[in-house]
Number of protein chains: 2
Amino acid sequence: MTEITKLQPACSQCNLQELCLPIGLSETELSLVDSLVDERRKIARGEAIFRSGDRFTAIYAVKLGFFKTEVLSEDGRHQVTSFYMPGEVLGMDGISAETHHCDAIALEDSEVCLIPFHELETISVKVPTMQRHLHRVMSREIVRDQGMMMMLGAMRAEERVIAFLLNLSQRYAARGYASTDFNLRMTREEIGSYLGLKLETVSRTFSHLQEEGVLQVEKKRIRLVDTVRLKKMLSQDRL
Amino acid sequence: MTEITKLQPACSQCNLQELCLPIGLSETELSLVDSLVDERRKIARGEAIFRSGDRFTAIYAVKLGFFKTEVLSEDGRHQVTSFYMPGEVLGMDGISAETHHCDAIALEDSEVCLIPFHELETISVKVPTMQRHLHRVMSREIVRDQGMMMMLGAMRAEERVIAFLLNLSQRYAARGYASTDFNLRMTREEIGSYLGLKLETVSRTFSHLQEEGVLQVEKKRIRLVDTVRLKKMLSQDRL
DNA sequence: ATGCCGAATTGATCAAGGTCAACAACAAGG
DNA sequence: CCTTGTTGTTGACCTTGATCAATTCGGCAT
């Protein structure tokens, strides 16, 4: 199911460029990057880019589609740790031990650009802008995880759901997609796992927010009706 | 309160070397590192190395003492996101936006080595081993955070407390300290914040584990009596 | 069509952990 | 010495979200 495509017009042509790459690369630097990212891979819905324990060789930029990452502990427990949309980079968990620590699974038919990591490190040496960019991307992941810990540790169910939706919305906005009207790519169960809640709680919270008139839910279709009030509900709630 | 010490015998002499630095550096490489890390800073208990919003200039290796990092959201909520002991590196949250996103506070009188980040990036270009090491350290932080999310999202109170204690124990062991008999540097409230629990719950759980006979608690003094059973309680609990 | 399966919704009940409160131990400072 | 503040322990009670269960809806294969 995993088809490999070479000879794509690479990064220099890609409309996600400003998300994946540092701004202000020279022509020569861009062509270096083009030679680095020479492979694109299609991942069918439900398939994994990599699984926990797989040898780490590359990081992946989402070109198209949607992914979740999931960690599993010794005793069958598992938890969704992130969702990734186009322009986002995943797989950096593998660097530390040359082995991935989570599964990365496509939530719909997707495409990723494969960035061989050791080559990336090599290029980083020649192109300092690239190195700094890499560090920023990794650091951003750390900051995001901290926010996530904050959410899991300090927020109640309703707040978590709101924070989740607002975060999605903001990321869609950043990509130029509709930010108040979108389709969820994941199930209630996956949302619940991500938020540390049960799927029933997620469902109930959606219903409740709809009754409140701040949200419209119809299956996977979400419409944020009153983002201002949603934001208020986030910050006021647990005063 | 924050006293600065120059002219210390630097990394090449430090007994934490193998925790902070990549193994197998040549003499010349080591001397490069020595020139990089030229400042040590004493931080008194309760003082911050940096605070949220501070401009990011360096990362810090704990030389001695104990730290917590804490994120605070717009609405006065705050949460402990990590504890750091000697040989561990903190501050990498600041890289992404050149600004720190959390407070780093000493839990006891401590000392850190200051590693100017841009200089570190410069040296990384010349010493690939150093670059790879940096990437690993950052990635390790990402993996650790994922584990934390797992804990916050999927474990019950007792499991979280056990996981916390076993993790401390294992880190002490790695440093050659007593791993089954140690003093907690943080309050019950800080533990609770870290684990997404209230301090009363932490206290009750300690008491309960003591009744079970797997643990001895006397104020801050912890003695792990039966680590084997503790590990079992972790994995079996929520079967 | 029909039947089946996965996803979602909703209700009833229950338990884990939060909240509130009283109190003990201990350190710091007058 | 007593006072005051911080930290920790324990109890009684309550709330949030989990659990269990019934039902619906839509897609897909036969």
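Chain identifiers are assigned alphabetically (A, B, ...) following the order of the sequence lines, protein sequences preceding nucleic acid strands; residue numbering begins at 1 within each chain. Here the structure is a predicted model, which is why all the values come from computation and not from measurement.
Rounded to whole Å, the distance from CD on B/E218 to P on D/dT7 is 19 Å. Distance NZ (A/K198) to C1' (D/dT16): 15 Å, rounded to an integer number of Å. Rounded to whole Å, the distance from CD on B/E211 to P on D/dT9 is 12 Å. Atom pair A/R160:CZ and D/dG17:C1' shows a separation of 10 Å (rounding to whole Å applied). Between B/L195 atom CG and C/dA16 atom P there is a gap of 18 Å when expressed in whole angstrom units. Atom CD of B/E158 is separated from atom P of C/dA15 by 17 Å (rounded to the nearest Å). The distance between atom CD1 of B/I191 and atom C1' of D/dT7, rounded to the nearest whole Å, is 12 Å. Atom CD of B/E108 is separated from atom P of D/dT7 by 15 Å (rounded to the nearest Å).
In this model, the phosphate group of C/dA8 is approached by a side-chain N or O of A/K220 to a distance below 4.0 Å at OP1 or OP2. Proximity of B/K219 to the phosphate of D/dT7: no side-chain N or O atom is located under 4.0 Å from OP1 or OP2. For B/R188, no side-chain nitrogen or oxygen approaches OP1 or OP2 of D/dT7 to under 4.0 Å.
Residue contacts for B/G192: at a heavy-atom cut-off of 4.0 Å it reaches no nucleic acid atom on any strand shown.
Across C/dA8, C/dG18, D/dT16, the shortest atom-to-atom separation from the side chain of A/R156 is found for D/dT16.
Between the axis at the start and the axis at the end of the helix from C/dA1-D/dT30 to C/dG30-D/dC1 there is an angle of 30°, using five pairs per end and rounding to 10 degrees.
For A/Q210, the CD atom counts as densely surrounded, since its 6.0 Å shell holds more than 12 non-hydrogen atoms of other residues, nucleotides or ligands.
Proximity of the aromatic rings of A/F83 and A/F67 is defined here by a centroid distance below 6.0 angstrom, and this criterion is not met. Between A/F56 and A/F117, the distance separating the two ring centers is shorter than 6.0 angstrom.
The backbone N or O of A/A173 sits nowhere less than 3.5 Å from a side-chain atom of A/S179 that would complete a donor-acceptor pair. Using a distance-only test at 3.5 Å, with no hydrogens or angles considered, no donor-acceptor pair links the side chain of B/R221 to the main chain of B/V217.
A salt bridge links A/E98 with B/R136: at least one charged nitrogen is closer than 4.0 Å to a carboxylate oxygen. Using a cutoff of 4.0 Å between basic side-chain nitrogens and carboxylate oxygens, A/R188 and A/E200 are not scored as salt-bridged.
A donor and an acceptor atom, one from each side chain of B/S82 and B/R144, are located under 3.5 Å apart. For the residue pair A/H101 and B/Q146, no side-chain donor N or O sits within less than 3.5 Å of a side-chain acceptor on the partner.
Ranked by how close their nearest DNA chain D nucleotide is to the 5' end, B/T187 and A/G196 are led by B/T187.
A heavy atom closer than 4.0 Å to some atom of DNA chain C occurs in B/E200, B/T201, B/R204, these being the qualifying members of residues 199-210 of chain B.
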